[in-house]
Amino acid sequence: MPELPEVETVRRGLAPTLVGAHILRVDLRRKDLRFPFPKDFAARLLGRQIIALRRRAKYLIAEMSDGSALIAHLGMSGSFRLEGRADENGVFNYPRSKNPAHDHVVIHLDRGILVYNDPRRFGFLDLATTDDPAPPPFLAKLGVEPLSNEFGAETLAMLVAGRKTSIKAALLDQSLIAGLGNIYVCEALHRAGIAPNRPASEFAGRTGAPTKETTRLAGSIRDVLEEAILAGGSSLRDHRQADGSLGYFQHHFRVYDRGGEPCPRAGCKGIIGKMTQNGRTTFFCPKCQK
DNA sequence: CTGTGTTCCTGTTCGC
DNA sequence: TGCGAACAGGAACACA
């Protein structure tokens, strides 16, 4: 589920409750997720107040009153949920449901309970502290934020220059552009009418000036992310009312997971195809993506 | 340094 | 209907 738009949607959903909340208790229900929890993880969060909830690429960052920060990556199947109803004594209880499978971390706040659930455990939580000025290496390696002002056709052209790999693999590389995943790369390439297996370096432009294609691609990336965030925001209410397993944006996909269906581009008679690139499935229209 | 294949894990879907 | 195989939104890691 979680690429940049999903993480941003989660951030917006959590922020009103988390920002300003104090951490009263942290329960780790296993010793690791993808990685072991950092030393004294729970103890170091205790008593802190969350003063901001930010997003960097697919990471959520909860900034604490003491300058430390809780960093979360949802991997493939991670999610946060809030259990916010107090009992008659004003105490928040966990668990409220009988069988909370894969609830690995339970953070008790003064205004609710934040639960991290992750069946596949590809996600992880980390803590950046004030004693250690160097940001965690996985944040330091991240490339440009695709919705920032830094990102545009010129930046994209520069980033792919000299790359021997496909444009699809380049767009998935988090050290170049940070936040795109398999779905939105497929979607952006379709919108831009670009074949996923073309060499990335073709989008560098010959004279340093971005080509029309590169400009179109940069625009498509921005558009699809922004639209997905809007749709995610509007369907978050549904997500809360239902019991959690509904995706946010899948009805808006034009190619992803639509192999065999007609291409939705106006006037295009193509049929959406499927191929594998670098071990990931690519969906594309062989007719209008050149 | 760059590019690619493997690996971690469980749940869901697919094909026989 | 049942059951094993294939596959899934990610990315660190090992290696060519």
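Throughout, protein chains are lettered first and strands after them, A, B, ... in sequence-line order, and every chain is numbered starting at 1. FYI, side chains are in, hydrogens and waters are out, and symmetry mates aren't considered; it's all heavy atoms of this structure.
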For A:Leu180, does its backbone N or O pair with a side-chain atom of A:Lys58 as donor and acceptor, under 3.5 Å?
yes

Under 4.0 Å, counting only non-hydrogen atoms across every strand here, what does A:Phe253 touch: a base, just sugar-phosphate, or nothing?
nothing

May I ask you to check whether over 12 heavy atoms, not counting those of A:Asn149, lie within 6.0 Å of atom CG?
no

Which part of the nucleic acid, if any, lies within reach of A:Gly181 when heavy atoms closer than 4.0 Å are counted: base, sugar-phosphate only, or nothing?
sugar-phosphate

With respect to the phosphate group of C:dA8, does any side-chain polar atom (N or O) of A:Thr281 fall under 4.0 Å of OP1 or OP2?
yes

Pair A:Asp103-A:Tyr94, side-chain donor/acceptor within less than 3.5 Å:
yes

Which is true for A:Arg163 with a 4.0 Å heavy-atom rule: it touches a base, it touches only sugar-phosphate, or it touches nothing?
sugar-phosphate

Nearest-angstrom distance, C1' atom, C:dA12 to B:dG11
23 Å

Rounded to whole angstroms, how far apart are CZ on A:Arg121 and P on C:dA8?
21 Å

Whole Å only: how far is the CZ atom of A:Arg280 from the P atom of C:dC7?
14 Å

Between C:dA11 atom P and A:Phe138 atom CZ, what is the distance in whole Å?
11 Å

The residue, A:Phe124 or A:Arg120, whose nearest nucleotide of DNA chain C is more 5′ is A:Arg120

With a 3.5 Å cut-off and no angle check, do the side chains of A:Asn278 and A:Lys168 form a donor-acceptor pair?
no

Pairwise P distance, B:dG5 and C:dC7 [rounded to whole Å]
16 Å

Is it the case that over 12 heavy atoms from other parts of the model lie below 6.0 angstrom from the CD atom of A:Glu226?
yes

Between A:Asp118 and A:Ser77, a side-chain donor and acceptor under 3.5 Å
yes

Taking atom P of C:dG10 as reference, at what distance in whole Å does atom NZ of A:Lys141 sit?
17 Å

Starting from C1' on C:dA12, measure out to CD on A:Gln174 and report it in whole angstrom.
12 Å

Test item: side-chain donor near acceptor, A:Asn117 and A:His102, under 3.5 Å
no

Would you check if the side chain of A:Ser175 reaches a backbone N or O of A:Gly143 as a donor-acceptor pair within less than 3.5 Å?
no

Using Watson-Crick and G-U wobble pairs whose two distances are both under 3.5 Å, how do you write the pairing of DNA chain C as dot-bracket, with | for links to another strand?
.|||||||.|||||||

Length of the CD1-C1' vector between A:Ile177 and C:dG10, whole Å:
17 Å

Per-pair stack call A:Phe122 and C:dA11, 5.5 Å, 30°
no

Taken to the nearest whole Å, CG/A:Leu142 to C1'/C:dA11 is 11 Å

Start and end of chain A contact along DNA chain B [non-hydrogen atoms, under 4.0 Å]
B:dT2 to B:dG11

How long is the line joining CG of A:Leu172 and P of C:dA8, in whole Å?
13 Å

Expressed in whole Å, how much space separates the P atoms belonging to C:dA6 and B:dT6?
14 Å

Check whether any side-chain N or O of A:Tyr184 sits under 4.0 Å from OP1 or OP2 of C:dG9, and answer yes or no.
no

Counting C-beta onward and ignoring hydrogens, is there a side-chain heavy-atom pair between A:Leu70 and A:Phe41 closer than 4.5 Å?
yes

Does a side-chain N-to-carboxylate-O contact under 4.0 Å join A:Glu227 and A:Arg191?
yes

